[in-house]
Amino acid sequence: MSFWFGTGGAGFCVSRGLGERMRPLVQKGGFQRLGEQIRLPDDVTMGYLAEVLLGTKLRIQNRFHSHLESMAAIPKEQLHSQVS
């Protein structure tokens with residue numbers, strides 16, 4: 001099995017629609033139980049939940065960056081559109 005997961009220290013966003021579909025699976029400790037069940041960290045559990053359980057393909061968003069990335073790697077003409 002393979003799936004994307006949000007990582008890198010930059011965080012991730014989900015749409016309201018996806019969040020609503022996730023709600024019954026994550027409320028009342030459901031997210032923690034899922035992570036314990038599949039024995040994966042929280043960012044990987046989020047990807048598993050979205051892609052495997054709910055069938056929603058995650059996408060890379062080039063406007064999010066990890067604090068570990070050098071700003072020099074971001075083209076200057078794209079700096080104004082980055083999420084801060």
From Phe31 CZ over to Arg23 CZ, what is the distance, rounded to the nearest 0.5 angstrom? 15.5 Å

Minimum heavy-atom separation for Ala50 and Leu18, please, with both atom names. CB-CD2, 4.3 Å

Is there a side-chain contact between Leu58 and Met46 (heavy atoms, below 4.5 Å)? no

Roughly how far, to the nearest 0.5 Å, is CG of Leu34 from CG of Leu49? 6.0 Å

Is there a donor-acceptor contact under 3.5 Å from the side chain of Thr56 to the main chain of Glu51? no

Got more than 12 heavy atoms from elsewhere within 6.0 Å of CD, Gln32? no

Taken in chain and number order and not counting sequence neighbours, the residues that satisfy side chain to side chain contact (heavy atoms under 4.5 Å, CB included) with Arg16 are Glu20

Given 3.5 Å as the limit, does a donor-acceptor pair link the side chain of Arg33 with the main chain of Val26, or not? no

Does some side-chain heavy atom of Gln27 sit less than 4.5 Å from a side-chain heavy atom of Met22? no

Any side-chain heavy-atom pair from Leu25 and Leu54 closer than 4.5 angstrom? yes

